[in-house]
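The structure appears right after this line, and notes come after that.
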Amino acid sequence: MKIEDLIKSKVNSEVSDLRGWVSSIRDHGGLVFIELRDSSSKIQIVLDSENVDIDTFKSEYYISVNGTYIKRDKSMINKSQQFGEYEINAESYSIISKSKPLPFQIDDSIDTDENIRLKFRYLDLRRDDMKRNILARSNTFKSIRNSMDSLSFLELDTPTLTKSTPEGAKDFLVPSRKQSGSFYALPQSPQMYKQLFMISGFNKYYQIAKCYRDEDSRKDRQPEFTQLDLEILNGTPDEVRKTTEIIVNELLDNVFSIKVDVPFQDMTYKEAIENYGTDKPDLRITETIEDLTNIFKNTEINFIKSSLENSGFVKGFHTSTIMTRSEIDALDELVKDNGSNGLGWFKIENSTVSGPLSKITTDKENEELLKLGDGMLLFQSGNMEIYPVLDIIRRQIFTPVETYSFTWIYDFPYFEVENGEIQPSHHPFTSPKDTENFIEDPNNATALHYDLVLNGSELGSGSQRINSPDIQRKVLEMWGLSDDDIENRFGWFIEALSYGTPQHAGIALGIDRIIAVMLNVDSIRDVIPFPKTQSGLDPLTNAPTIIDENELEDYNLKYIEVADE
């Protein structure tokens with residue numbers, strides 16, 4: 001019998017074979033009190049100490065109880081629990097399974113090293129907080145499937161053993177025993193396969209897909225993650241965005257009892273960068289970046305003067321809050337850790353401008369600074385590289401309001417430079433906004449790419465896809481792939497595009513991220529049942545592990561010693 005089944009029981013009725021874990025034990029002189037916990041509920045069990053030794057039970061023993069369902073004394077009622085008004089007066093019990101001493105207490109307030117929690121994840125998942133997270137995950141899947149069914153999407157699956165293709169991160173490779181020296185790759189996304197469904201003529205596709213990327217883990221990244229993947233035949237960015245808003249709106253209402261306004265806000269990539277310093281703006285903060293260049297156009301402050309002479313600008317924020325020196329120093333250290341030469345600042349108070357730079361400001365500059373009013377002016381000087389630092393400053397000094405602010409970001413540049421190399425800002429299957437412009441000037445082209453952002457977190461990315469084999473080849477050439485690379489890696493896909501490919505568009509939403517943001521947890525690891533650590537390890541199973549050399553021989557592989565450099 002489950003504890004939640006007691007809701008149907010009458011007071012003073014007999015209860016048999018009530019099962020659960022021993023959550024806590026208390027001896028109150030003559031009576032032993034046990035809090036019994038199962039997968040969904042808790043109730044107090046009362047035993048006569050003459051009939052039971054308190055040492056009989058230990059935390060997390062799994063037991064069965066027979067007894068009477070009674071009301072507690074008014075002074076003993078626990079209003080915070082579903083069955084806090086009742087208890088079981090135990091007449092007999094049996095121990096179904098004993099527990100070893102616990103590596104940590106099954107308690108929501110535990111402060112235990114995450115590696116220990118992940119090593120004993122099955123115990124960690126018994127905690128109410130973690131159980132809540134995983135139930136929200138289950139209900140999220142259910143809501144998505146209901147929404148997709150109502151929107152006439154087909155749930156279609158794609159392979160997990162695929163061809164290795166570059167998509168922005170390293171692949172996880174799987175050796176083939178039957179094809180000596182050859183490897184499959186686990187999919188970074190179902191991207192090309194879902195486009196094949198569109199080429200095949202399926203109208204609307206979706207999948208709750210497992211994806212794999214061998215990249216450095218962060219609090220919002222995992223080597224293995226789950227996304228909602230969808231694609232629409234003859235779809236446009238507007239249609240995909242409207243469809244996504246329906247799905248997300250129903251998800252938030254059904255799973256988290258939260259209602260949001262639709263349609264969501266939107267802004268261009270350029271607007272996002274210039275106003276917020278990032279393409280993932282947290283719109284719960286209403287303050288935006290201010291252009292301060294005119295204040296310093298005739299400055300004698302050397303680093304600002306040098307920036308302006310090199311087509312730079314001065315941008316920052318005015319806040320009415322007066323910061324302490326320790327707060328300023330901490331923010332200075334933070335921006336330096338993120339690539340800045342340091343925090344520029346002035347304190348404006350009682351008609352006086354102070355700070356290290358105030359010694360070399362002109363009377364005209366001081367006059368303009370005083371017009372801002374009492375508070376702090378925090379700024380950066382330079383070119384585009386200062387925007388990410390301004391985003392950090394903005395999020396540090398201003399407090400977000402408690403709401404859910406969705407926005408679409410669109411009109412991304414087609415290409416970006418990362419580590420000195422040009423690459424598509426989304427993925428190489430994104431259609432350019434203007435094909436003619438793309439052919440003539442691809443470096444300055446705009447992509448039909450759109451991101452969904454919530455409270456400073458990117459929840460997903462989508463685009464209208466390339467449906468021309470010539471444009472697809474051009475993008476891959478711009479990416480720096482040789483003709484041989486294009487043929488070897490993508491020839492089969494370009495061939496598919498050559499058979500009357502319709503226009504199509506879609507999106508992929510990070511399910512783990514959505515749940516993590518809505519539950520306000522620190523990391524997506526807290527909403528994934530069995531995640532990896534930041535270094536990609538699984539403490540539960542000790543994966544990945546060394547494979548025996550005899551097993552490697554079946555795959556025609558062997559270990560080799562690498563000489564120290």
Side-chain angles (χ1 to χ4, degrees), residues 133 136-137 139-141 143-145 147-148 151 168-169 188-191 194 206-211 213 217-222 224-232 237-256 258-269 272 276 278-285 391 395 400 403-410 412 425-427 430 447 449-463 505-528 531:
N133 296 352
R137 185 182 184 89
N139 290 330
T140 294
F141 292 160
S143 176
I144 288 172
R145 286 194 163 96
S147 295
M148 303 312 285
L151 292 168
Q188 294 189 32
S189 76
Q191 182 61 46
K194 68 179 179 182
Y206 91 95
Q207 181 179 191
I208 296 177
K210 285 288 187 183
C211 304
R213 295 182 183 177
S217 294
R218 298 200 300 250
K219 67 178 184 179
D220 62 349
R221 284 185 181 175
Q222 276 279 291
E224 178 182 4
F225 58 95
T226 308
Q227 69 184 33
L228 168 61
D229 208 54
L230 65 88
E231 202 77 12
I232 301 175
D238 280 347
E239 184 178 1
V240 172
R241 290 197 291 259
K242 288 176 183 176
T243 299
T244 303
E245 289 173 3
I246 292 171
I247 298 163
V248 171
N249 191 35
E250 291 179 353
L251 167 60
L252 266 56
D253 188 11
N254 295 336
V255 180
F256 303 101
I258 291 169
K259 296 188 181 297
V260 294
D261 293 331
V262 290
F264 299 154
Q265 301 179 61
D266 61 23
M267 68 182 72
T268 65
Y269 171 85
Y276 305 98
T278 176
D279 58 6
K280 298 182 284 291
D282 188 343
L283 300 186
R284 296 174 301 170
I285 300 171
D391 170 47
R395 287 185 282 111
T403 188
Y404 296 92
S405 292
F406 287 90
T407 187
W408 290 104
I409 311 296
Y410 63 98
F412 283 78
S425 61
H426 187 26
H427 57 55
T430 299
H449 162 197
Y450 36 87
D451 283 356
L452 180 60
V453 175
L454 170 61
N455 295 356
S457 293
E458 178 195 312
L459 298 185
S461 293
S463 67
I507 194 169
L509 297 171
I511 293 177
D512 312 303
R513 287 190 186 181
I514 293 173
I515 301 169
V517 171
M518 297 311 301
L519 293 178
N520 195 30
V521 297
D522 290 334
S523 166
I524 63 171
R525 293 190 294 277
D526 285 332
V527 300
I528 297 174

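The model shown is predicted, which means the values in this text are computed figures rather than measured ones. Index from 1, following the sequence.
- The two residues F412 and S425 have their closest heavy-atom pair at CB-OG, 4.0 Å.
- With hydrogens and angles disregarded, no donor-acceptor distance shorter than 3.5 Å links the side chain of Q265 to the backbone of S405.
- Here R525 does not pair with D512 in a salt bridge; the nearest charged N to carboxylate O distance is not below 4.0 Å.
- A donor-acceptor contact shorter than 3.5 Å is absent between the side chain of N249 and the backbone of E245.
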Could you give me the CA-CA distance, side-chain angles and deciding distance for F141 and I511, then say whether side-chain contact (heavy atoms from CB on, under 4.5 Å) is met?
-> CA-CA 9 Å; F141 292 160; I511 293 177; 3.8 Å; yes
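- Using a cutoff of 4.0 Å between basic side-chain nitrogens and carboxylate oxygens, K242 and D238 are not scored as salt-bridged.
- For the atom pair CG of D391 and CG of D279, the computed distance is 9.5 Å after rounding to the nearest 0.5 Å.
- Although no hydrogens or angles enter the test, the distance criterion places a donor-acceptor pair under 3.5 Å between the side chain of T430 and the main chain of H427.
- With sequence neighbours excluded, the residues that form a salt bridge (charged side-chain N to carboxylate O under 4.0 Å, His left out) with D253 are K259.
- With values rounded to the nearest 0.5 angstrom, S461 atom OG is found 9.5 Å from Q227 atom CD.
- By the 30° and 60° cut-offs, the orientation of the rings of H449 relative to H426 is parallel.
- In this structure, R513 contributes its side chain and E458 its backbone to a donor-acceptor pair below 3.5 Å.
- Within the 4.5 Å cutoff, no side-chain heavy atoms of F406 are placed close to those of V262.
- Salt-bridge formation is detected for the pair K194/D229: a Lys NZ or Arg NE/NH1/NH2 atom is positioned less than 4.0 Å from an Asp or Glu carboxylate oxygen.
- Without hydrogens or angle criteria, T243 side chain to E239 main chain gives a donor-acceptor distance under 3.5 Å.
- By the neighbour-count criterion of 12 heavy atoms within 6.0 Å, atom NZ of K210 is densely surrounded, having more than that number from other residues, nucleotides or ligands.
- Here I515 contributes atom CD1 and D526 contributes atom CG; the two are 12.0 Å apart, rounded to the nearest 0.5 Å.
- Between the OG1 atom in T403 and the CG atom in N455 there is a gap of 7.5 Å [rounded to 0.5 Å].
- Between G506 and E231 the shortest heavy-atom distance is CA-OE1, 3.4 Å.
- L251 places a side-chain heavy atom less than 4.5 Å from the side chain of T140.
- Judged as a side-chain hydrogen bond (donor to acceptor under 3.5 Å, both in side chains), and not counting sequence neighbours, D220 has no contacts.
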Start with the C-alpha distance between V260 and V248, add both sets of side-chain angles, then the distance that settles side-chain contact (heavy atoms from CB on, under 4.5 Å), and finish with yes or no.
-> CA-CA 9 Å; V260 294; V248 171; 5.7 Å; no
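- The shortest non-hydrogen separation linking P237 to A505 is N-CB, 4.5 Å.
- Between L452 and W408 the shortest side-chain heavy-atom distance falls below 4.5 Å.
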Take I514 and L228, measure what side-chain contact (heavy atoms from CB on, under 4.5 Å) needs, and give me the verdict at the end.
-> CA-CA 11 Å; I514 293 173; L228 168 61; over 6 Å; no
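- Between atom CE of residue M518 and atom CG of residue L252 there is a gap of 4.0 Å, rounded to the nearest 0.5 Å.
- One distance of note links CG of L519 with CZ of F256; it measures 5.0 Å at 0.5 Å rounding.
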